[in-house]
Amino acid sequence: TKIAILASGSGSNAEKIMQYFRNSQLAEVACVISNRKKAGVLERAERAGIESRVFPKEAFETAEPILDYLKEQAIDLVILAGFLLKVPAEIISEFPDKILNIHPALLPKYGGKGMYGHFVHDAVLKNKDKETGITIHLVNENYDEGNVLFQASCEINPEMSAEEIAAKVQVLEHQHFPKVIESYISEKIS
Ligand code: GRF
């Protein structure tokens, strides 16, 4: 199974996934795609010896350049790991139930457009929630609404900062995302 990772940011999740599948017989990370040429994920891909490509945001609107590249790489599964643009419908229809996303909250709470990074943790704090967590889900046409594959939670309290919550949530992301991808491939792809 050939995996493409789409990421817009630092890429710590992408790095965990690249490391996890480095010697795997089941799957390989074939490429990393970003919409930001300064994204930290590009250095992480470089260090991992994995090909990366940057596309301008227009390419994600027309979809064609991305689709061409995904086909050229013979990609079977697309992983969004901190990808902040909307995935065009053409890509979703080309990869039905083959695009996974990770969201740093317990969907359906705190999802939707614009709910990413500290915005999510600020909202959780404002509501004085006692727990938050991660959701790994299939991607469909609407932000953060695809079938949920996995959730994990952690305790928080209103005295914590958004940064502290983000750090606790990232531990869950790094701990679970690669394994959830592997199980999904074993059950649904290969
Ligand atoms: C993570 O919080 C993830 O839940 C969200 O974007 C962030 C990506 O972080 N989708 P990183 O770039 O993998 O460090």
Side-chain angles (χ1 to χ4, degrees), residues 3-22 29 31-48 50 52-55 57 60 77-88 91-92 95 98-125 129 131-156 160-182 184:
I3 299 170
I5 301 178
L6 275 58
S8 308
S10 105
S12 71
N13 278 284
E15 185 162 68
K16 294 295 177 201
I17 296 163
M18 290 188 274
Q19 287 166 348
Y20 189 87
F21 289 101
R22 199 201 339 264
V29 177
C31 62
V32 167
I33 296 171
S34 186
N35 58 306
R36 290 180 53 233
K37 54 183 182 301
K38 292 196 178 348
V41 69
L42 299 171
E43 287 143 50
R44 296 182 198 255
E46 171 86 23
R47 279 204 297 275
I50 291 176
S52 63
R53 286 278 292 272
V54 179
F55 290 89
K57 75 174 172 10
F60 294 93
L77 184 69
V78 177
I79 301 297
L80 309 184
F83 184 66
L84 296 183
L85 300 182
K86 191 142 178 49
V87 177
I91 296 182
I92 293 172
F95 290 90
K98 292 191 169 126
I99 308 177
L100 273 58
N101 181 47
I102 188 165
H103 184 74
L106 296 169
L107 292 177
K109 294 200 291 183
Y110 310 113
K113 190 166 166 54
M115 286 307 276
Y116 60 88
H118 71 85
F119 298 111
V120 175
H121 310 308
D122 293 344
V124 167
L125 273 171
D129 287 10
E131 67 167 10
T132 189
I134 60 168
T135 302
I136 297 168
H137 62 95
L138 292 176
V139 170
N140 67 17
E141 292 67 39
N142 311 312
Y143 265 107
D144 298 332
E145 286 184 6
N147 290 353
V148 172
L149 298 177
F150 176 85
Q151 291 192 306
S153 63
C154 57
E155 282 181 13
I156 54 169
M160 288 169 81
S161 65
E163 291 71 24
E164 282 169 314
I165 295 178
K168 269 194 107 167
V169 167
Q170 274 230 329
V171 167
L172 293 177
E173 295 174 349
H174 296 170
Q175 200 177 343
H176 294 292
F177 203 6
K179 289 185 173 34
V180 169
I181 292 166
E182 184 178 51
Y184 190 75

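Everything numeric in this text was worked out from a predicted model, so none of it was measured. Read the numbers this way: they start at 1 and go in the same order the structure lists the ligands and their atoms. Along the sequence shown, the residues carry numbers beginning at 1.
- Closest to atom 6 (O) of ligand 1 among all protein heavy atoms lies G82 CA, 3.2 Å.
- At least one heavy atom of G11 sits closer than 4.0 Å to an atom of ligand 1.
- Within the 3.5 Å criterion, the main-chain N or O of E155 finds a donor-acceptor partner in the side chain of K168.
- By heavy-atom distance, the residue among H174, R44, K16, E173 lying nearest atom 4 (O) of ligand 1 is E173.
- Distance alone, capped at 3.5 Å, places no donor-acceptor pair between the Q170 side chain and the A167 backbone.
- Put simply, the side chain of F177 does not reach to within 4.5 Å of the side chain of K16, judged on heavy atoms.
- Remark: the backbone N or O of H103 is not paired with any side-chain donor or acceptor of H137 at under 3.5 angstrom.
- The N/O atoms of S10, backbone and side chain alike, include one that comes under 3.5 Å of an N/O atom in ligand 1.
- At under 3.5 Å, a nitrogen or oxygen of I102, whether backbone or side chain, sits near a nitrogen or oxygen of ligand 1.
- Contact between Q170 and ligand 1 is present, with at least one heavy atom of the residue lying under 4.0 Å from the ligand.
- Within the 3.5 Å criterion, the main-chain N or O of N140 finds no donor-acceptor partner in the side chain of E145.
- For atom 14 (O) of ligand 1, the nearest protein heavy atom (residue, atom name, distance) is S12 OG, 2.6 Å.
- A salt bridge links R47 to E15: one of the charged nitrogens lies within less than 4.0 Å of a carboxylate oxygen.
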